[in-house]
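If you're wondering where the values come from, they're calculated on a predicted model, not measured in any experiment. Only this structure's heavy atoms are used, side chains among them; waters, hydrogens and symmetry mates stay out.
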Amino acid sequence: MANDAEMMLEVEIFDGSGNFTDWSEQVILALRQKGVLDYVESDMRAGTAEEPDKKKFSVADSKADGLAVAIILRCLSKSHRKRFIRSTAFEVWTELHKLYGVPNTEDLVSNILELFSFRMDPDDKEGRASAVQYSNLLEKIDFSTFSSSAMANLMYLASLNRHHDLVRLEFAKKKPNELVFDEIFNAVCALSDAHKKQRAYDEKIGVSSFGGVARAQKPTCKHCGRFGHSADNCWSRDNGKRNGGGNRNGGDGNRNHSGSGNNRNGGDSNRNQGGGKDRGTDRG
């Protein structure tokens with residue numbers, strides 16, 4: 001037991017006001033050294049065949065669990081020890097995490113977003129119901145657990161729009177007190193620059209994104225509203241008289257009138273007339 005006491009002196013006594021995350025990591029090291037870490041991570045009690053719902057420790061597990069509880073209690077202030085005297089190691093550890101554990105950054109950002117979007121119900125004339133709802137939202141976020149800078153960084157992450165979801169997801173992997181504003185800001189700027197470059201490239205090659213599928217953009221005529229040409233090349237502009245519109249139609253008309261109709265008909269007429277004269281002369 002003397003060795004246990006010496007080892008426990010290395011762990012800071014937790015009174016509820018310190019950094020719970022750092023403290024719990026130190027206690028976990030102490031529990032692992034004594035081989036009783038499993039007793040805080042899961043309930044080691046088991047029911048018997050006669051009484052399956054009544055869970056009990058075996059003799060060996062009871063001793064190991066008692067050692068785990070002793071290690072944890074030695075690292076707590078006297079005021080905190082009293083509430084856990086008759087608890088198992090798993091119960092003590094679970095309750096401590098409920099009281100002082102830090103939720104992950106993703107959950108915190110989600111709770112802050114919910115807090116930002118809260119509005120009093122217009123039908124709540126007295127304001128009591130809305131006050132209770134707001135109070136419940138505040139309970140999800142223990143502001144005393146974080147520094148002012150950590151809370152500011154969490155609020156900044158919550159304020160990012162959907163175009164910067166990648167930044168939010170990236171920093172949600174970190175603990176709240178590990179967030180650094182400059183790192184978040186630089187990531188936002190880098191992603192914004194990437195969006196600008198992508199838009200410039202899309203405009204250069206004439207491609208837009210619609211529903212995640214790239215489609216080629218065709219020019220739209222501002223005169224007739226049709227795709228595939230611009231207003232400068234629109235044949236319907238000025239009633240078809242602009243530039244080559246009349247010439248094209250006139251050319252087709254002249255070609256049909258002189259080349260196809262008159263020449264062919266004239267040729268047939270000449271051949272018929274000539275043939276008639278020759279045959280008449282022969283008969284005469």
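To the nearest 0.5 Å, atom CG of residue L157 and atom NZ of residue K174 are 10.5 Å apart. A distance of 9.5 Å separates CZ in F171 from CG in N153, rounded to the nearest 0.5 Å. Going from atom NZ of K173 over to atom CZ of R168 covers 14.5 Å, rounded to the nearest 0.5 Å. Distance SG/C75 to CD/E12: 10.0 Å, rounded to 0.5 Å. Rounded to the nearest 0.5 angstrom, F181 CZ and S149 OG are separated by 11.5 Å. Here K34 contributes atom NZ and I71 contributes atom CD1; the two are 7.0 Å apart, rounded to the nearest 0.5 Å.
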Practice task
Report the C-alpha distance between H195 and R199 in whole Å, list the side-chain angles of each, state the deciding distance to 0.1 Å, and finish with yes or no for side-chain contact (heavy atoms from CB on, under 4.5 Å).
Solution key: CA-CA 6 Å; H195 288 325; R199 285 194 298 268; 3.7 Å; yes

Exercise for the section: May I have the step-by-step check of side-chain contact (heavy atoms from CB on, under 4.5 Å) for F116 and M155, ending in yes or no? Expected result: CA-CA 9 Å; F116 281 171; M155 295 174 69; 3.7 Å; yes

Problem - Residues S192, H163; criterion side chain to side chain donor-acceptor pair (under 3.5 Å); working and verdict - result: CA-CA 9 Å; S192 298; H163 298 292; over 6 Å; no

Exercise for the section: Go through L37 and V40 one step at a time and tell me if the side-chain contact (heavy atoms from CB on, under 4.5 Å) criterion holds. Expected result: CA-CA 6 Å; L37 180 60; V40 302; 3.8 Å; yes

Practice task
Decide yes or no on side-chain contact (heavy atoms from CB on, under 4.5 Å) for D165 and L160, but give the supporting numbers first.
Solution key: CA-CA 7 Å; D165 283 341; L160 298 180; over 6 Å; no

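Hydrophobic clustering (ILVMFWY, side-chain heavy atoms < 4.5 Å, transitive): V92 and I28 are in one cluster. The hydrophobic cluster containing I72 does not contain F90, counting ILVMFWY residues as joined when their side-chain heavy atoms lie under 4.5 angstrom apart, directly or transitively. One hydrophobic cluster, built from ILVMFWY side chains closer than 4.5 Å, cannot hold both L166 and V180; they sit in different ones. Hydrophobic clustering, with ILVMFWY side chains joined whenever heavy atoms are under 4.5 angstrom apart, keeps F185 apart from L169.
Side-chain contact between E91 and T94 is absent, with no heavy atoms from C-beta onward closer than 4.5 Å. Proximity of F84 to L76: side-chain heavy atoms (C-beta onward) are separated by under 4.5 Å at one or more points. The side-chain heavy atoms of Y39 and L31, taken from C-beta on, include no pair separated by under 4.5 Å. Counting heavy atoms from C-beta outward, M120 and Q133 have side chains that stay 4.5 Å or more apart. You'll find the side chain of L108 reaches within 4.5 Å of the side chain of P176, heavy atoms only.
A donor-acceptor contact shorter than 3.5 Å is absent between the side chain of Q26 and the backbone of W23. The closest donor-acceptor contact from the side chain of S130 to the backbone of G127 lies at 3.5 Å or more, if one exists at all. Panel note: side chain N186, backbone D182; a donor-acceptor pair is recorded below 3.5 Å. Side-chain atoms of R81 come within 3.5 Å of backbone atoms of L73 as a donor-acceptor pair (strictly under, hydrogens ignored). A donor-acceptor distance shorter than 3.5 angstrom exists from the side chain of S117 to the backbone of E114, with no hydrogens or angles considered. In this structure, the side chain of S135 does not engage the main chain of V132 through any donor-acceptor pair within 3.5 Å.
Crowding of Y134 atom OH: a count of heavy atoms from other residues, nucleotides or ligands under 6.0 Å not exceeding 12.
E170 pairs by the side chain to side chain donor-acceptor pair (under 3.5 Å) definition with nothing, not counting sequence neighbours.
Pairs engaging residues 20-32 under the salt bridge (Lys or Arg N to Asp or Glu O under 4.0 Å) rule: E25-K175 [sequence neighbours left out].
Side chains of S62 and D65: a donor-acceptor N/O pair is absent below 3.5 angstrom, by distance only.
Of all heavy-atom pairs between H80 and D15, the closest is CE1-O, 3.0 Å.
Aromatic rings from F20 and F14 are positioned such that their centres are separated by under 6.0 Å.
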